[in-house]
Amino acid sequence: MTLRLTNTLSRAKEAFTPLVDRQVSIYCCGVTVYDLCHLGHARSYIVWDVLRRYLSWPGQVGGAYTVTFVQNFTDIDDKILHRAAQEGLAMEEVSARNISAYFQDMDALNILRADAMPRATACLDGICSLIGELESKGAAYSADGDVYFAVMKQAGYGKLSGRDLSEQQEGASGRTTGEEDGRKRHPFDFALWKGAKPGEPSFPSPWGPGRPGWHIECSAMVRQELGDTIDIHLGGADLIFPHHENEIAQSEAASGKPLARYWLHNGMVNVGGEKMSKSLGNFTTIRALLGSGVSPMTLRLFVLQAHYRKPLDFTLEGLEAAATGWKGLSGALAVGSTYADVLGWSDSQVGSSAALPEELKAIRERFREAMDDDLNTAAALGELFELARPLRALANRLRIGDIPSEADRLQGPRWQLLVELAAVLGLEPDPSGLKELLASSPGGCGEPATAAPMPAAAEQAGAAAASSGLSEAAIEALVDQRKAAKAARDFASADRLRAELKAQGIELVDKPGGVTVWLRG
RNA sequence: GGCGGCAUGGCCAAGUGGUAAGGCAGAGGAUUGCAAAUCCUUUACCCCCAGUUCGAAUCUGGGUGCCGCCUCCA
């Protein structure tokens with residue numbers, strides 16, 4: 001059994017076979033850079049990051065694929081122009097700011113950067129020549145400085161979204177209003193090039209100054225970076241129509257070849273049952289969430305516990321559950337590096353996966369089968385938790401000073417497998433990108449638009465207090481005092497001492513036998 | 001109105017013909033003066049009705065409810 005993916009084109013799970021053996025070309029629709037990214041974007045890019053990591057995983061049947069991952073920035077768009085006008089900035093300034101914010105956010109979430117990130121502004125030649133081709137083939141027509149794609153001339157239009165133009169026609173009339181109508185021959189025709197109105201920023205073209213339509217930007221960038229036919233095209237389910245439908249129409253009209261062999265779409269993030277979106281105002285930005293103390297890995301876990309095609313309701317409860325779950329996983333993931341010395345898990349002990357004990361082999365196999373089944377990350381995570389349970393217990397015992405047993409020392413391969421599989425899901429303790437994000441956003445997370453403010457999660461609560469400087473000797477003295485108070489059955493004093501230490505970020509753990517150990521943070 | 005999707009324990013969520021993964025919460029136990037932390041154990045017949053089948057959460061038909069797209073949108 002090999003990887004199977006749900007192809008929107010056929011609405012079925014299909015065995016995945018790339019055009020070129022062991023190589024995969026992927027295009028992922030990126031963001032329009034007029035604002036910060038919210039959790040909907042986070043989900044989409046987390047999920048596609050996992051697809052990419054999985055394809056690149058050597059544990060894959062047949063070995064790792066070589067993946068070329070391209071994701072665009074839409075940096076020519078009416079919304080960017082509006083935003084720029086509002087703020088008295090140039091379009092480029094708005095997009096540059098949001099592109100840099102995009103990288104900060106995605107780095108923090110441990111999302112691998114694409115191999116290429118083309119921008120519409122840098123692809124205008126390709127866009128214009130594509131429009132020209134369509135025009136010369138009769139697939140497009142110009143009207144008063146605009147150029148439109150002639151939908152009715154394109155056989156198969158609607159094949160991705162399951163739409164039939166003849167049935168749609170009635171509903172469509174009356175839907176589109178405005179001055180474009182007069183120029184369009186069919187209500188579903190869409191703009192490839194929009195002539196500029198006086199005073200608007202514009203780019204030169206054979207049809208006069210103006211700017212490209214959204215759909216053609218992607219068609220041109222796919223072709224520029226990856227050619228006529230790619231293996232996988234990714235995007236949110238809300239892009240199926242009209243964006244991807246139009247992309248197909250344009251690209252296939254020009255090349256006569258299929259644009260993409262597999263179309264994958266992720267489900268939306270909902271809030272209270274409704275789609276999270278800018279227009280509804282119910283969105284939370286990524287940086288607002290991370291700034292409130294939710295760790296990036298918690299968000300990743302939250303996202304990956306659901307199947308990528310289903311809607312995912314964003315709730316505080318769900319997030320808290322993920323935070324607690326991540327606490328356990330991260331403890332297990334960290335055990336090998338934190339306690340490498342005491343466990344004797346040096347690099348030399350790293351066993352190859354071929355030498356895995358049966359139980360671990362079986363887990364690895366089930367993980368692979370889950371991921372092969374249309375990226376069933378929820379089931380894959382189940383295997384991770386299975387793997388992590390004894391390691392988490394071990395980590396907690398070591399944390400309070402227990403000496404590892406011989407059996408504990410033999411858990412090295414288990415830990416390594418956990419680390420390996422978690423990395424396929426992009427789950428790693430101690431994400432480095434977060435600090436940069438938090439440091440870089442001055443006033444930073446105070447996005448006013450946070451409709452659902454997140455209370456600072458307990459995850460990081462102790463971190464600030466932990467640095468307070470009681471010396472070890474001072475702590476030992478207080479612990480001894482408490483021990484004496486307990487011996488004298490003066491529990492009030494004992495509890496007071498415990499509370500004082502806790503206020504300093506010192507946690508006391510009473511172990512069997514009257515021994516108390518203390519831990520910072 | 002058209003197209004598509006979803007409905008599993010308190011919450012989230014896997015499972016697509018053979019007696020229900022996992023996470024969170026809860027309960028019980030161990031430990032403790034108590035607590036915290038930790039460890040162990042434990043909790044469902046799957047929206048409704050009809051049908052197919054030796055056998056269905058899983059297939060078919062009908063019903064109900066919810067969501068997405070049809071305008072910019074990950």
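Predicted model only: the values in this text are computed from it and were never measured. So that the names make sense, note that chain A is the first sequence line, chain B the second, and so on, each numbered from 1.
Each of A/Arg489 and A/His41 lies near RNA chain B, and the nucleotide nearest A/Arg489 is the one positioned closer to the 5' end.
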Subject >> Contact pattern, 5' to 3', of nucleotides 11-26 of chain B - B, S or - by protein heavy atom under 4.0 Å >> reply: --SSS-----BBSS--
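Checked against side chain to side chain contact (heavy atoms under 4.5 Å, CB included), A/Thr2 has the following partners two or more places apart in sequence or in another chain: A/Val61.
In the interface, the side chain of A/Arg498 is paired with the base of B/A35 through a donor and an acceptor atom under 3.5 Å apart. For A/Asp510 and B/A35, a side-chain-to-base donor-acceptor distance below 3.5 Å is present, hydrogens and geometry of angles not being considered.
A/Leu239 comes within contact range of the sugar-phosphate backbone alone, with a heavy-atom separation under 4.0 Å but no base atom that close. A/Leu384 comes within contact range of no nucleotide atom at all, as no heavy-atom separation falls under 4.0 Å.
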**OP:** Take A/Arg287 and A/Gln104, measure what side-chain hydrogen bond (donor to acceptor under 3.5 Å, both in side chains) needs, and give me the verdict at the end.
**Re:** CA-CA 9 Å; A/Arg287 53 188 56 204; A/Gln104 286 171 355; 3.0 Å; yes
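The pairing partner recorded for B/U19 is none, the criterion being a Watson-Crick or G-U wobble arrangement whose two distances lie under 3.5 angstrom.
Whole-Å rounding puts the A/Leu497 CG to B/A35 C1' distance at 15 Å. Put simply, CZ on A/Phe188 is 11 Å from C1' on B/C69, counting in whole angstrom units.
B/G9 and B/A20 have their C1' atoms separated by 10 Å, given to the nearest Å. Nucleotides B/C34 and B/G26, compared at atom C1', are 22 Å apart to the nearest Å. Rounded to whole Å, the P atom of B/C54 lies 38 Å from the corresponding atom of B/G2.
The phosphate of B/C69 (OP1 or OP2) has a side-chain N or O of A/Lys275 nearer than 4.0 angstrom. Side-chain N/O atoms of A/Lys327 include one lying less than 4.0 angstrom from OP1 or OP2 on B/U38. Put simply, A/Asn396 has no side-chain N or O that comes within less than 4.0 Å of OP1 or OP2 on B/A37.
Taking the six-membered ring for Trp, A/His215 and A/His244 have ring centres at least 6.0 Å apart. No close placement of the A/Phe190 and A/Tyr148 rings is indicated, their centers lying 6.0 Å or farther apart. Centroid-to-centroid, the aromatic rings of A/Phe73 and A/Tyr102 come within less than 6.0 Å.
Within the 3.5 Å criterion, the main-chain N or O of A/Trp263 finds a donor-acceptor partner in the side chain of A/Thr8.
In this structure, A/Pro404 and A/Leu398 have side chains that are in contact, with non-hydrogen atoms separated by less than 4.5 Å.
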